[in-house]
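I have placed the structure first, in the form of structure tokens, so that the comments after it can refer back to it.
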2 protein chains.
Amino acid sequence: MVTSTHPIPPEDSRSQQLDLTFGALSDPTRRSILARLASGPSTVGELAAPFAMSRPAISKHLRVLEQAGLVSTTRDGRVSRCSLDARPMRAAADWVAFYRVFWEQQLDALSRWFEEGEPSS
Amino acid sequence: MVTSTHPIPPEDSRSQQLDLTFGALSDPTRRSILARLASGPSTVGELAAPFAMSRPAISKHLRVLEQAGLVSTTRDGRVSRCSLDARPMRAAADWVAFYRVFWEQQLDALSRWFEEGEPSS
DNA sequence: TGTACTGGTAACCATACGGTTACCAAAATA
DNA sequence: TATTTTGGTAACCGTATGGTTACCAGTACA
């Protein structure tokens, strides 16, 4: 057996927040809800209307988004009003940005391949 | 009943790729594997060593990453060598970047709150 | 006051996820 | 050839996810 000399540290709260953020973004319905909220706060009913899906399903998606801190809800009378809070996305964007150099380099490699494989046309 | 005037279109392949990408990134083990691969290709054994986790578990994570196109594997003899392919992250980064203006604006609001709530110190 | 509307909760279902152990196949090597 | 090593597959388990229907609570309003 090979005991690792480079153990992985336990997951800290930053990492857990990334779990929640990326997890919340991994569903098309939730991304669609966020896109809708980007043009302003909205009631749950308004949010649910475009979807061929029951209210409870939307409620669950909203709870996932709240859990991730991406949506905040305030109840005013019998109407729940949801609004976007994009701040948790910042850490996610930073995490992904680290890999920008890699995908650019890989696109460069693709370009070179085309240049060599398909010389001056 | 209110039939929506803004139906949600069916999920296209771009959106499905985002599902896979964000889903793959939502697990700390997989993010850790990607970080490891950022410093160069690696065998499955080398990848698995740091984790207090069985090989099949790592294999499953690798399959999720391959499914998302983030890792490519070539088998050379009895050794599998994995390498990073960051290109699918580009679309994810673009998607999140759309919300940059929102989180910056919300951070600005926070700053203003501090300035007003805690005047010249 | 009765009724309709907004939204949430409970219970349920099927499937996916993240992990395990046990086992197998192919390649390298003594 | 026998053995070790690398890695994958199969079967299983508990829990989470994404959806449903049925029902409930509070608010607005005729």
Side-chain angles (χ1 to χ4, degrees), chain A residues 1-4 8 10-11 15-16 18-34 36-37 41-68 70-83, chain B residues 1-4 8 10-11 15-16 18-34 36-37 41-68 70-83:
Chain A
M1 176 195 171
V2 178
T3 300
S4 169
I8 296 292
E11 195 180 13
S15 183
Q16 285 177 28
L18 284 179
D19 295 358
L20 290 175
T21 305
F22 283 128
L25 299 186
S26 72
D27 182 275
T29 302
R30 291 194 291 263
R31 287 198 305 276
S32 197
I33 289 174
L34 292 173
R36 171 68 183 73
L37 290 177
S42 179
T43 70
V44 172
E46 291 167 353
L47 284 178
F51 295 97
M53 197 180 301
S54 67
R55 290 298 180 87
I58 299 292
S59 276
K60 285 190 180 184
H61 283 303
L62 286 174
R63 223 162 296 124
V64 172
L65 290 167
E66 287 170 15
Q67 205 73 13
L70 292 165
V71 163
S72 62
T73 303
T74 64
R75 192 144 198 189
D76 172 32
R78 72 180 163 180
V79 175
S80 276
R81 188 154 272 100
C82 306
S83 55
Chain B
M1 174 192 174
V2 179
T3 300
S4 169
I8 297 293
E11 196 180 11
S15 183
Q16 285 176 27
L18 284 179
D19 294 358
L20 291 175
T21 305
F22 284 127
L25 298 185
S26 72
D27 182 274
T29 302
R30 291 194 290 265
R31 288 197 305 275
S32 197
I33 289 174
L34 292 173
R36 169 69 182 73
L37 290 177
S42 178
T43 69
V44 173
E46 291 166 353
L47 283 178
F51 295 96
M53 199 182 295
S54 67
R55 289 298 180 86
I58 299 293
S59 275
K60 284 190 181 183
H61 284 303
L62 285 173
R63 223 163 295 125
V64 171
L65 290 167
E66 287 169 16
Q67 206 72 16
L70 292 166
V71 163
S72 63
T73 303
T74 64
R75 192 145 198 189
D76 171 32
R78 70 177 165 184
V79 174
S80 275
R81 189 156 268 99
C82 306
S83 55

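Lettering follows sequence order; numbering is per chain, from 1.
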Would you please confirm or rule out a distance under 4.0 Å between OP1 or OP2 of C:dT6 and any side-chain N or O of A:Thr43?
-> no
According to a strict under-4.0 Å criterion, is A:Ser59 in side-chain N/O contact with OP1 or OP2 of C:dT9?
->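 The answer is no; no side-chain N or O of A:Ser59 sits under 4.0 Å from OP1 or OP2.
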Would you mind reading off the distance between [X] atom [atom1] and [N] atom [atom2], rounded to a whole angstrom?
X       : N      : atom1 : atom2 : result
A:Leu65 : C:dG8  : CG    : C1'   : 16 Å
B:Glu66 : D:dG7  : CD    : P     : 13 Å
B:Leu62 : D:dG8  : CG    : P     : 7 Å
A:Glu46 : C:dC5  : CD    : C1'   : 14 Å
A:Asp19 : C:dC17 : CG    : P     : 15 Å
B:Arg81 : D:dG8  : CZ    : P     : 13 Å

Is there a side-chain contact between [X] and [Y] (heavy atoms, below 4.5 Å)?
X       : Y       : result
B:Leu62 : B:Leu47 : yes
B:Arg36 : B:Pro50 : no
A:Ser42 : A:Cys82 : no

Quick one: salt bridge (charged side-chain N to carboxylate O under 4.0 Å, His left out) partners of A:Arg30, sequence neighbours excluded?
-> none
Which residues share a salt bridge (charged side-chain N to carboxylate O under 4.0 Å, His left out) with B:Asp27, sequence neighbours left out = none
Trace of the side chain to side chain contact (heavy atoms under 4.5 Å, CB included) decision for A:Leu34 with A:Leu25 | CA-CA 9 Å; A:Leu34 292 173; A:Leu25 299 186; 3.5 Å; yes
For DNA chain C, stems built from three or more consecutive Watson-Crick or G-U wobble pairs below 3.5 Å = C:1-30 with D:1-30
Search all heavy atoms of A:Ala48 against all heavy atoms of A:Ile58 and return the closest pair with its distance.
->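 Shortest heavy-atom contact: CB-CG1, 3.8 Å.
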Salt bridge (charged side-chain N to carboxylate O under 4.0 Å, His left out): pairs with one or both residues in residues 57-66 of chain B, sequence neighbours excluded |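 Salt bridge (charged side-chain N to carboxylate O under 4.0 Å, His left out) check on residues 57-66 of chain B returns no pairs.
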Considering only heavy side-chain atoms of A:Val79, the closest of C:dT9, C:dT6, D:dG7 is C:dT6
Could you write nucleotides 18-30 of chain C as a row of B, S and -, 5' to 3', where a protein heavy atom under 4.0 Å of any base atom gives B, of only sugar-phosphate atoms gives S, and otherwise -?
-> BBBBB----BS--
Sequence neighbours excluded, which residues qualify as side chain to side chain contact (heavy atoms under 4.5 Å, CB included) partners of B:Leu20?
-> B:Gln17, B:Ala68
